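To start, the structure itself, in structure tokens.
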Amino acid sequence: MATTPTYQAFINGERVDGSSGETFGVTNPATEEEIARVALCNEADVEAAVAAAAAAAPGWAGKPVSERSKVLLKLSQLIMENAAELAELETREHGSPLRKTMNFDVPLCAEQFEYFAGVARAETGETLPVGPWATSYTVREPLGVVGLITPWNFPALMVVWKLGAALVTGNACIVKPPTVAPLTTLRLAELATEAGAPPGAVNVLTGPGGSVGEALVRHPGVAKIGFTGDTETGKRIMAVASETVKAVGLELGGNNAFIVMGDADVAAAAEGAAFGAFFNSGQVCAAASRFYVHESVYDEFAERFVAATAALQMGDPMDMGTVIGPVVYEGHRDKVESYIAQTKKEGATLLLGGERPDMPGLWVAPTVFGDCTNDMAVMQNEVFGPVVGLAKFSTPEEAVALTNDTQYGLSASVWTKDVRQAMVMASQIQAGTVWINEHLIIFCETPWGGCKQSGWGKDLSTMALEEYSYTKHIYIDLTGAEVKPWYQILK
Ligand code: NAD
């Protein structure tokens, strides 16, 4: 009988057991079988990782950006050389279909390291106009040791978003990957070392957020926490980080509106809706989850959306035809199912799904509710699964008001042929990203991040480089005078 492989943590360029010697299990959600045992790290491991990163940081920061850039380019190449292994690993630990991990997650990881390798070399400071008697300029400096805490919904991509920017700007990184899906992150750290990142520049501590993650947030040797995850966890991280006045970047939850105007191309909107709502089984921070549809096209849109969704193949994630995989772990399926039960109770009309599929594994069928009102839980909270609600509106002002009536501000989309109307609505919607006639598309070149309780700070784009560096102002006196003119204030 095959034994379950054990994955160690990664500290100072080496695989190491957690100091407790204990491990925890990682389960394939499609089969509910344990596929790995992983080192259960504790505070002593956090100390070891911080020491390794602190030792590595000055040397890594002292290299020219061109050298750090080459490490990222090599890492990008190694990711593509190991694409099949990485994609399979992510499919097995997370349940995301191989079709997606092969064609989306892994190539995007490679592309994002390429992007940061290139764009960091074009970063410059500013020369500031302080007068003829001095010159003044700014430079960006690395922060030192940074902690990157990531969620399970895109286990590899979410760490790459942060790691690319943090590494190329000269920081040493300690990653706390998602507890339920840490395997791809561990492999990426090994590949980073193979690509030339010095020992200690990339460390991975596996284990629960409440202990390992929080010890990282609390540690005075960590300059910043780049966090992606739930809004409630973000609040806790802010509180703990305040003890050391630590900088935090927070990419938090969302409940994202998808607005279909009366003049929209309804067929295109319905296809976009099926993708925007059910990509990654709806386990996407920016997933379309609240649909506001103009009353004149509501019935047509609902019918087309349900038909497009029903055509999505759900099943074995290793089958290249599958587009809908399981949800990630049992407790999460319970949470998603509780939203289905509550929305039924609240009186919405079930248009599709709503029942647990009769197959082994952690499945939730794509579920669409009609006739929703904005006070329903599915319209206010983040379900983070394949469950969405549809509501009618009659005026653009009403659609914007419904969209903004939430604690979240991550993203939204407007579907219309009237670009003027779309631009007015985009300016009124409170969200970090507004798409027009699209939903979910994200580029390396465009900033990603929310407002309100969806957090602050940006991943991706040149703005991510600013997240992992600080501005230093340098002033040089050019007078050469012993007594400077402005000393007259005191003398
Ligand atoms: P989560 O907050 O439960 O966990 C995220 C990470 O934080 C994990 O590594 C976890 O172990 C760790 N953690 C948990 N408690 C901690 C603590 N007290 N101190 C330090 N670390 C702690 O989130 P999740 O369930 O893994 O991910 C889903 C959430 O992520 C959703 O809310 C989703 O919207 C959000 N998300 C946001 C974005 C974005 O860009 N805004 C992207 C992806 C996911």
Side-chain angles (χ1 to χ4, degrees), residues 24 26 38 40-41 43 46 93-94 96 105 147-162 174-182 184-186 204-219 222 225-243 246 248-256 279-289 327-329 331-336 381-385 406-411 431-433 440 442 446-461 463-464 467:
F24 63 96
V26 170
V38 180
L40 183 68
C41 294
E43 284 193 28
V46 173
E93 70 174 335
H94 177 264
S96 195
D105 299 87
L148 310 177
I149 302 182
T150 54
W152 49 258
N153 64 325
F154 294 93
L157 257 186
M158 290 299 99
V159 68
V160 170
W161 279 14
K162 298 184 189 306
I174 302 171
V175 183
K176 210 308 275 175
T179 317
V180 294
T184 41
T185 305
L186 287 166
V204 182
L205 295 175
T206 43
S211 52
V212 185
E214 202 157 309
L216 199 55
V217 180
R218 184 163 278 124
H219 201 292
V222 176
I225 294 293
F227 172 74
T228 300
D230 191 78
T231 295
E232 291 310 310
T233 315
K235 290 178 189 172
R236 174 75 191 150
I237 285 176
M238 276 179 78
V240 176
S242 73
E243 292 168 14
K246 202 183 284 341
V248 288
L250 300 173
E251 299 284 1
L252 308 179
N255 182 354
N256 311 282
F279 182 62
N280 208 28
S281 296
Q283 300 167 128
V284 183
C285 54
S289 40
V327 297
V328 72
Y329 64 93
H332 188 58
R333 177 181 64 183
D334 295 347
K335 178 188 145 189
V336 174
N381 302 343
E382 183 182 50
V383 178
F384 217 58
T406 167
Q407 62 172 330
Y408 296 112
L410 192 55
S411 71
T433 294
L440 270 198
I442 294 175
T446 54
W448 182 255
C451 63
K452 294 161 81 175
Q453 292 196 31
S454 291
W456 68 66
K458 295 291 179 195
D459 280 331
L460 302 177
S461 83
M463 293 178 81
E467 295 285 329

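As the structure lists them, so they are numbered: ligands from 1, and atoms in each ligand from 1. These numbers come from a predicted model, not from an experiment. The residues of the chain are indexed from 1 along the displayed sequence.
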(Q) Which of the numbered atoms in ligand 1 are under 4.0 angstrom from any heavy atom belonging to Leu410? (A) 41 (N)

Q. Identify the closest protein heavy atom to atom 27 (O) of ligand 1: which residue and atom is it, and at what distance?
A. Pro151 CB, 3.2 Å

Q. Is Asn255 reaching over with its side chain to a backbone N or O of Asn381, donor-acceptor style, under 3.5 angstrom?
A. yes

Q | Ligand-residue contact atoms, ligand 1 with Trp448, heavy atoms, under 4.0 Å | A | 39 (C), 40 (O)

Do any side-chain atoms of residues 153-162 form donor-acceptor pairs under 3.5 angstrom with protein atoms, and if so which ones, sequence neighbours left out?
unit_1 : atom_1 : unit_2 : atom_2 : d
Asn153 : ND2    : Gln283 : O      : 3.2
Trp161 : NE1    : Gln112 : OE1    : 3.2
Lys162 : NZ     : Thr228 : OG1    : 2.9
Lys162 : NZ     : Asp459 : OD1    : 3.4
Lys162 : NZ     : Asp459 : OD2    : 3.0

(Q) Among Val222, Leu148, Val175, which residue satisfies the side chain to side chain contact (heavy atoms under 4.5 Å, CB included) criterion with Leu216? (A) Val222

Q. When you look for heavy atoms under 4.0 Å from ligand 1, do you find them on the side chain of Asn153, its backbone, both, or neither?
A. side chain

Q: Check ligand 1 against Thr179 and write out every atom of the ligand that is under 4.0 Å from a heavy-atom position of the residue.
A: 11 (O)

(Q) Nearest 0.5 Å, please: how far is OG in Ser411 from CD1 in Ile442? (A) 8.0 Å

Q. So do the side chains of Val217 and Ile149 get within less than 4.5 Å of each other, counting heavy atoms only?
A. yes

Q. Do side-chain atoms of Thr206 reach the backbone of Val38 as a donor and acceptor pair under 3.5 angstrom?
A. no

Q.
Does the protein place a non-hydrogen atom closer than 4.0 angstrom to atom 4 (O) of ligand 1?
A. no

Q. Does ligand 1 have a heavy atom under 4.0 Å from the side chain of Asp459, from its backbone, from both, or from neither?
A. neither

Q | Atom indices of ligand 1, in the order listed, that fall short of 4.0 Å to a heavy atom of Pro177 | A | 9 (O)

(Q) Do Val180 and Phe24 make a side-chain contact, defined as non-hydrogen atoms from C-beta onward lying under 4.5 Å apart? (A) no

Q) Roughly how far apart are Glu382 CD and Gln407 CD, rounded to 0.5 Å? A) 9.0 Å

**Q.** Per-atom contacts of ligand 1 with Leu252, taking only distances under 4.0 Å to non-hydrogen atoms
**A.** 34 (O), 37 (C), 38 (C), 39 (C), 41 (N)

Q: Show your reasoning for whether side-chain contact (heavy atoms from CB on, under 4.5 Å) applies to Tyr408 and Ser289.
A: CA-CA 12 Å; Tyr408 296 112; Ser289 40; over 6 Å; no

**Q.** Nearest neighbour in protein (non-hydrogen) for atom 39 (C) of ligand 1
**A.** Cys285 SG, 3.3 Å

Q. Hey, is ligand 1 close enough to Gly209 that some N/O pair sits below 3.5 Å?
A. yes

Q | Numbered atoms and elements of ligand 1 in range of Lys176, under 4.0 angstrom, heavy atoms | A | 9 (O), 10 (C), 11 (O)

Q. Looking only at N/O atoms, are Glu214 and ligand 1 under 3.5 Å apart anywhere?
A. yes

Q. Would you call Phe227 a ligand 1 contact, heavy-atom distance under 4.0 Å?
A. yes

Q: Show which atoms of ligand 1 fall inside a sub-4.0 Å distance from at least one heavy-atom site of Met158.
A: 42 (C), 43 (C)

Q: Identify, for atom 25 (O) of ligand 1, the protein heavy atom at the shortest distance, and state residue, atom and that distance.
A: Trp152 NE1, 2.9 Å

(Q) How long is the straight-line distance from CG of Leu205 back to CG of Leu186, given to the nearest 0.5 Å? (A) 10.0 Å

Q) Pro178 near ligand 1, heavy-atom distance under 4.0 Å? A) yes

(Q) Just verifying a value: how many Å separate Glu467 CD and Trp456 CH2, rounded to the nearest 0.5 Å? (A) 11.0 Å

**Q.** Atom pair CZ/CD1 of Phe227 and Ile225 - distance to nearest 0.5 Å
**A.** 10.0 Å

**Q.** atom 2 (O) of ligand 1: the protein heavy-atom neighbour that sits closest, reported with distance to 0.1 Å
**A.** Thr233 OG1, 2.6 Å

(Q) Geometry only, no angles: is Thr150 polar-contacting ligand 1 at N/O separations under 3.5 Å? (A) yes

Q. How far is atom 32 (O) of ligand 1 from its nearest protein heavy atom, and which residue and atom is that?
A. Glu382 OE1, 2.6 Å

Q | From the candidates Ser454, Gly229, Gly455, Gly450, the one that places a heavy atom nearest atom 35 (C) of ligand 1 | A | Gly229

Q. Do the ring planes of His332 and Phe384 sit parallel (below 30°), tilted (30 to 60°) or perpendicular (above 60°)?
A. perpendicular

Q.
Any non-hydrogen side-chain atom of Val204 less than 4.5 Å from a side-chain atom of Pro177?
A. yes

Q | Asn280 side-chain N/O to Ser96 backbone N/O, donor-acceptor pair under 3.5 Å | A | no

Q.
Could you tell me, atom by atom, which parts of ligand 1 come under 4.0 Å of a heavy atom of Ile149?
A. 6 (C), 7 (O), 9 (O), 12 (C), 20 (C), 21 (N)

**Q.** Proximity to ligand 1 by part of Phe154, non-hydrogen separation under 4.0 Å
**A.** neither

Q. Backbone, side chain, both or neither: what part of Arg236 comes under 4.0 angstrom of ligand 1, heavy atoms only?
A. side chain

Q: Mind checking whether Ile237 contacts ligand 1 via backbone (N, CA, C, O), side chain (CB onward), both or neither, at a 4.0 Å heavy-atom cut-off?
A: side chain

Q | Minimum heavy-atom distance between Ala287 and Leu440, given as atom pair plus value | A | N-CD2, 4.1 Å

Q: Examine the proximity of ligand 1 to Thr228 and report which part, side chain or backbone, both or neither, has a heavy atom under 4.0 Å away.
A: both

Q. Which residue holds the protein heavy atom closest to atom 23 (O) of ligand 1, what is that atom called, and what is the gap in Å?
A. Asp230 N, 3.4 Å

Q | atom 28 (C) of ligand 1 - nearest protein heavy atom and its distance | A | Phe384 CE2, 3.5 Å

